[in-house]
Protein chains: 2
Amino acid sequence: MRKTKIERPEEQQRFETFLRSRQLKLTGERLELVEEVFGQPHHFDADQLHMALKQKGKAISRATVYRTLDLLVQCGLVRKSSFGDQYAHYEAVRSDEHHDHLICLNCDAIIEFFRADLEALQEQICREFNFKPMHHSHQIFGLCQACQGKTTDDSVLAHRLSQLNT
Amino acid sequence: MRKTKIERPEEQQRFETFLRSRQLKLTGERLELVEEVFGQPHHFDADQLHMALKQKGKAISRATVYRTLDLLVQCGLVRKSSFGDQYAHYEAVRSDEHHDHLICLNCDAIIEFFRADLEALQEQICREFNFKPMHHSHQIFGLCQACQGKTTDDSVLAHRLSQLNT
DNA sequence: GTTGATGCAAACTATTTGCAGGCAG
DNA sequence: CTGCCTGCAAATAGTTTGCATCAAC
């Protein structure tokens with residue numbers, strides 16, 4: 001077997017191309033961040049990412065984490081969203097298909113869904129308003145199947161609802 | 001004509017009832033806040049409200065503004081939302097009909113819309129996931145009719161898009 | 001060697017909170 | 001007169017930034 005050049009995962013290559021196109025530099029920190037981002041199975045926030053890296057011995061400063069996440073969002077490898085709390089949630093973009101979210105107010109479960117008919121209806125609405133859509137954000141808050149059975153404290157739920165920044 | 005008791009606008013009465021039901025007090029500050037909130041034609045934020053009051057000689061502290069807005073949200077007279085920036089937007093609730101928003105990334109115009117078919121489709125989706133919806137948040141970001149004609153700086157738009165916390 | 005990147009700490013922004021004095025009920 | 005309310009200032013939390021140093025190209 002002949003020795004081959006070490007292969008970078010596709011996302012790292014995409015990031016590299018993006019960086020080069022803007023004369024930005026491919027640093028070790030940036031590569032490790034991309035790797036960690038794509039190692040995250042679900043949504044995560046800046047601090048979780050920072051801590052996950054620290055636990056693996058890669059102490060990358062919070063500032064760099066934020067700066068790099070910003071670049072990743074710009075290059076389309078990461079999606080940034082807000083679920084009504086005061087911090088940003090991120091997720092690796094593994095395919096081009098976007099999705100919306102159902103968010104459980106009791107257990108914080110995040111259920112992703114995609115519905116072509118919903119997308120189409122939105123476009124129809126935009127057409128009627130002569131509005132050119134570029135991005136959209138759609139979250140439904142409530143109780144997931146598992147939490148509907150549980151006896152939950154209504155006042156806690158009500159408070160959580162009223163505090164939603166959405 | 002006989003002298004009648006001074007009549008409070010409906011929203012103040014509703015607020016009063018809400019406060020009494022919780023043994024909270026109807027203070028001058030609270031009444032002036034409700035009045036100002038319902039005097040705002042569109043969306044506003046905590047700071048705008050605070051400044052609008054200050055300009056009218058009613059210097060109510062920011063802390064009280066926030067505390068009262070919170071009460072108004074709990075009592076259903078005010079809706080709180082986030083449009084992808086880092087602060088909360090509020091609006092007076094003048095009818096029970098909720099609406100979603102189209103938000104222009106160029107001029108910040110906020111266009112409200114309500115579509116029964118969209119609402120129905122959301123409920124259908126929730127049913128399929130056995131999810132019990134309690135609230136939802138739906139914003140479409142893009143360019144309003146007026147701004148589609150203007151020559152806008154694409155890179156500014158792209159940056160704005162990428163910074164959206166949605 | 002340039003130019004951009006990093007880490008640190010300080011700055012920032014929006015919002016919340018503790019506390020002492022004040023006012024509604 | 002009691003307990004909630006207010007203003008103030010300090011505290012928070014998440015995120016951004018200035019600056020000196022360092023590394024990619």
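Throughout, protein chains are lettered first and strands after them, A, B, ... in sequence-line order, and every chain is numbered starting at 1. The shown structure was predicted, so the numbers you read here are calculated from the model rather than taken from an experiment.
- A straight line from CG of B/L53 to P of D/dG7 spans 11 Å, rounded to a whole angstrom.
- As rounded to whole Å, 14 Å separates atom C1' of D/dA13 from atom CE of A/M51.
- Listed nucleotides: C/dT6, D/dG3, D/dT15. Nearest to the side chain of A/R30: C/dT6.
- In this structure, the nucleotide among C/dT15, C/dT6, D/dG7 sitting nearest to the side chain of B/Y87 is C/dT15.
- The base of C/dG25 has none of its N or O atoms less than 3.5 Å from a complementary donor or acceptor on the side chain of B/R20.
- B/L31 places its CG atom 11 Å from the P atom of D/dT6, with the value rounded to the nearest Å.
- Between B/D47 and A/I60, it is A/I60 whose nearest contact on DNA chain C lies nearer the 5' terminus.
- For the side chain to side chain contact (heavy atoms under 4.5 Å, CB included) criterion with B/D100, the lone passing option out of B/H138, B/R115, B/E112 is B/H138.
- Taking atom CD of B/E32 as the reference point, atom C1' of D/dC5 lies 14 Å away to the nearest angstrom.
- Side chain to side chain, A/E16 and A/Q12 fail the donor-acceptor criterion of an N or O pair below 3.5 Å.
- In this structure, the nucleotide among C/dT15, D/dC5, D/dT16 sitting nearest to the side chain of A/Y66 is D/dT16.
- Between A/R22 atom CZ and C/dG4 atom C1' there is a gap of 14 Å when expressed in whole angstrom units.
- Salt-bridge formation is detected for the pair B/D47/B/R62: a Lys NZ or Arg NE/NH1/NH2 atom is positioned less than 4.0 Å from an Asp or Glu carboxylate oxygen.
- Close to C/dG4, at under 4.0 Å from its OP1 or OP2, lies no side-chain N or O of A/T27.
- Which of D/dT15, C/dT15, D/dA24 sits closest to the side chain of A/A88 comes down to D/dT15.
- At the phosphate of C/dC8, neither OP1 nor OP2 sits under 4.0 Å from any side-chain N or O atom of A/S61.
- Ring geometry for B/H89 against B/H43 counts as perpendicular: the plane angle is over 60°, on a 0 to 90° scale with 30° as the lower cut.
- Projected onto DNA chain D by closest heavy-atom contact, A/D45 and A/R67 fall at different nucleotides, the more 5' of which corresponds to A/D45.
- In the set D/dT6, C/dT17, D/dT15, the nucleotide with an atom closest to the side chain of A/R62 is D/dT15.
- A side chain to side chain donor-acceptor pair (under 3.5 Å) with A/H98 is found for exactly one of A/H135, A/H136, A/R79, namely A/H136.
- Distance, B/E29 CD to D/dT6 P: 5 Å, rounded to whole Å.
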